[in-house]
Structures are given as C-alpha cells and as structure tokens.
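Residue numbers run from 1 in the order of the sequence given.
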Amino acid sequence: TVTGVQTCALPISTISGSGAIAVEGSNSGDVLQSSPTPHTINFDVTCAGSNRLLLVGISNWPEAGGAPSGVTVNGSGTGIDRLDGSSNDMFVNQGGNDAEVYIYKKVAPDTGTNTVEISYSPNFTDSGSIAGAICLSGVDQTSPLGTWSTNQGNSASPGAVTVSSVSGDMVFSVAAMEKATVLSSDGDTDHWNYSITTDNDTPGGGGSTTAATGSTTVTWTWTGVADHWAMGAVPIKPAAGGLRSEEHTSELQSQFRISY
C-alpha cells in the first residue's frame, strides 16, 4: 500500500481599487480699474498626481469694460475651454454687468507650477475682477465635468446654487457679489473669498469645493447691502478605479491510496 498527499498551487485573481478626487493646489489674484494697463490677473498654482484637471473661476464686475478676453496656462491657451466649450458657455450676468461669474477648464495640466493669466479687454474703467484656480487629481480625463448650474439675484445675503451631482463627485462653486465686505460658503473648503475696494464699491468674490453625496446646494453668505450677485457651480467627476493585481496562492490537497 502506498499513501500520500498531492498538493496543487492555484493562483487567484485581481482586486479592484479606486481613488478619490483631491485638490492639489489653489491660488488667486485680482485687478482694479486703477491697476496698470493692460489689465491682467496672473498667479501660480501647483498641480500634482495623476488624472489632473485645472479649473479657473472668475468673479467680475465690468460696469465699464473689463470682460475676460482670454485665459492662458503657462503662456498658452491651447486646451482651455470656457464651460462647456460650446454655444452654451457658462456665463451668468446679473444686473446687466454688475456681477458675473465664469468657469474655465484645462484637462491634464503639467505637473509642478502652472502660471495662470486672465486678460481683460477693454481695460476696466470702473470696478474690477477677482479670479482663482484649483488643480485637482483623480479626475476623469474624458468627461471630467457634469452639468453646470447658475443662479443670480438682486438681494441681501444669502444666495445659493444647486447642481445635479452624485456621491464621489466634488463640486466647484464660484460667486460674485457687487457689494460684500465679508463672504464665505458652506462648502468644505473656501479656496479664496475676499473683497476688493474699487472707486465706488467693495465687490467680493470666492471659489469653493465640497464633496458631493447627492444633489448639492452651495450657499454663499456675505455682509453688505442688498445688491446684485451671481453664482455658478459644476460637479467634477472622479476617474474610474484602476485594477491592482494581487496574486495569491491557494493550496489544493488530495489524498490518495494505492493497494495491491
């Protein structure tokens, strides 16, 4: 009689994994009607990680001139689109030209320092503008954004904008108030929020992000008299989770016996 144990090693498969959207850097700047011409805003923002997206938010008060005429990153306008890159551009204007917001996007910006510049034409002869940018990682590179939404009014604080979003999204919101000395949002992070002193107003602008758990409403509050305000928001879509391969070995044992 011969007895024994036979062992067979079997590899087993892969486990899926996913990442989350993260803000890797942000910065902002402003321009007044009294600033040297030609009127521009420029600042640096850091980008890092994979599946990157750069978003630029502009709060504008062009009571005389001062419409954004172009946005560049590292001196180039290539690949930069005002939402959504079609005739349905995201641009909300309250009170004729008393409060405006714009959002621009650039997919796959360079890693490291990126110089953002916003140009205005004609130059401001009244009021001014605040602009900022955020750079994110973990964003879908084919369809990075959902459907944007806007709201506007002529009232005292607060104001709000609602977007259709789902869990896993991050919502970027931009606001402009014609008269605001202090402002903030109820989002997770205000990346910039301040006012500037112009010849006859103290307009305020800000940009924020918040993690979405479903339909998302971002509310902005401010101190100041009732006046014009405008807000825009857009959901940012996460990159699909990649697969990470982890090979494990499972031992299958069988006993045998031979008799003769």
Side-chain angles (χ1 to χ4, degrees), residues 23 25-33 35 37-45 53-73 77 79-85 88-106 109 114-124 126-136 145 148-152 159 161 163 171-178 180 183 185 187 190-196 198 201-209 218 220 222 228-234 236:
V23 177
S26 66
N27 207 348
S28 61
D30 55 74
V31 63
L32 306 176
Q33 85 284 352
S35 300
T37 57
H39 285 158
T40 61
I41 298 175
N42 57 77
F43 50 82
D44 292 337
V45 61
L53 177 70
L54 179 66
L55 292 175
V56 178
I58 301 173
S59 307
N60 215 44
W61 304 274
E63 297 182 48
S69 57
V71 174
T72 63
V73 176
I80 301 173
D81 299 309
R82 195 173 87 184
L83 300 191
D84 58 354
N88 297 317
D89 287 341
M90 196 201 106
F91 159 56
V92 57
N93 182 322
Q94 170 59 34
N97 54 11
D98 290 336
E100 299 176 347
V101 292
Y102 302 77
I103 296 178
Y104 290 74
K105 75 176 190 296
K106 180 177 176 62
N114 286 262
T115 300
V116 177
E117 181 169 287
I118 301 99
S119 302
Y120 298 84
S121 181
N123 295 315
F124 289 98
D126 189 12
S127 204
S129 182
I130 295 172
I134 60 171
C135 199
L136 308 107
L145 302 174
W148 49 264
S149 182
T150 63
N151 198 11
Q152 56 187 311
V161 58
V163 293
V171 174
F172 177 54
S173 175
V174 180
M177 295 81 177
E178 187 176 8
L183 66 152
S185 81
D190 285 358
H191 298 282
W192 65 93
N193 59 350
Y194 63 97
S195 61
I196 55 178
T198 68
D201 283 325
T202 55
S208 74
T209 53
V218 181
W220 287 86
W222 62 94
H228 302 101
W229 54 266
M231 299 173 184
V234 64
I236 305 161

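Atom CG of Leu54 and atom NZ of Lys105 lie 11.5 Å apart (nearest 0.5 Å). Taken to the nearest 0.5 Å, the CG atom of Asn60 stands 5.5 Å off from the OH atom of Tyr102. Atoms NZ and CD1, on Lys106 and Ile80 in that order, are 5.5 Å from each other to the nearest 0.5 Å. The line from CD1 of Ile130 to OG of Ser195 is 7.0 Å long, rounded to the nearest 0.5 Å. The distance from atom CG of Asp190 to atom OG of Ser185, rounded to the nearest 0.5 Å, is 3.5 Å. Going from atom CG of Asn123 over to atom OG of Ser35 covers 10.0 Å, rounded to the nearest 0.5 Å.
Checked by atom type and distance alone, the side chain of Ser69 pairs as donor or acceptor with a backbone atom of Ser119 at under 3.5 Å. Proximity of a side-chain donor or acceptor of Trp61 to a complementary backbone N or O of Met177 within less than 3.5 Å is detected. The backbone N or O of Leu183 sits less than 3.5 Å from a side-chain atom of Asn193, completing a donor-acceptor pair. Using modelled atom types, no side-chain atom of Asn27 and backbone atom of Phe43 make a donor-acceptor pair closer than 3.5 Å.
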*Output, in order, the C-alpha distance, side-chain angles, deciding distance and verdict of side chain to side chain contact (heavy atoms under 4.5 Å, CB included) for Val56 and Ile103.*
CA-CA 6 Å; Val56 178; Ile103 296 178; over 6 Å; no
*I would like to know whether Leu53 and Ile236 meet side chain to side chain contact (heavy atoms under 4.5 Å, CB included); could you show each step before the answer?*
CA-CA 9 Å; Leu53 177 70; Ile236 305 161; 4.1 Å; yes
_side chain to side chain contact (heavy atoms under 4.5 Å, CB included) for Trp220 and Ser208? Distances and angles first, verdict last._
CA-CA 10 Å; Trp220 287 86; Ser208 74; 3.7 Å; yes
*asked:* Between Tyr120 and Ser129, is the side-chain hydrogen bond (donor to acceptor under 3.5 Å, both in side chains) condition met? List the steps.
replied: CA-CA 9 Å; Tyr120 298 84; Ser129 182; 2.7 Å; yes
*Using the side chain to side chain contact (heavy atoms under 4.5 Å, CB included) rule, take His191 and Val23 through it: C-alpha gap first, then chi angles, then the decisive distance, then the call.*
CA-CA 10 Å; His191 298 282; Val23 177; 3.7 Å; yes
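When all heavy atoms are compared, the tightest approach of Ala131 to Ile118 is CB-CD1, 3.7 Å. Nearest heavy-atom pair, Val161 versus Ser149, reported as atom, atom and distance to 0.1 Å: CG2-O, 3.6 Å. Heavy atoms only, all atoms of each residue included: Ile134 and Ser26 are closest at CG2-CB, 3.8 Å. The two residues Gly232 and Val101 come nearest to each other via the heavy atoms N-CG2, 3.8 Å. Contact between Gly77 and Thr72 at its shortest, heavy atoms only, is N-CG2, 4.0 Å. In terms of heavy atoms, Tyr194 sits closest to Ser28 at CE2-OG, 3.8 Å.
Here the rule is side chain to side chain contact (heavy atoms under 4.5 Å, CB included) with Tyr104, and of Asp81, Val73, Val116, Ile58 only Ile58 fits it.
Between Phe124 and Leu32, the closest side-chain pair of non-hydrogen atoms is not below 4.5 Å. Using a 4.5 Å heavy-atom cutoff, the side chains of Val163 and Trp148 are not in contact. Considering only heavy atoms from C-beta on, Asn114 stays 4.5 Å or farther from Cys135 through its side chain.
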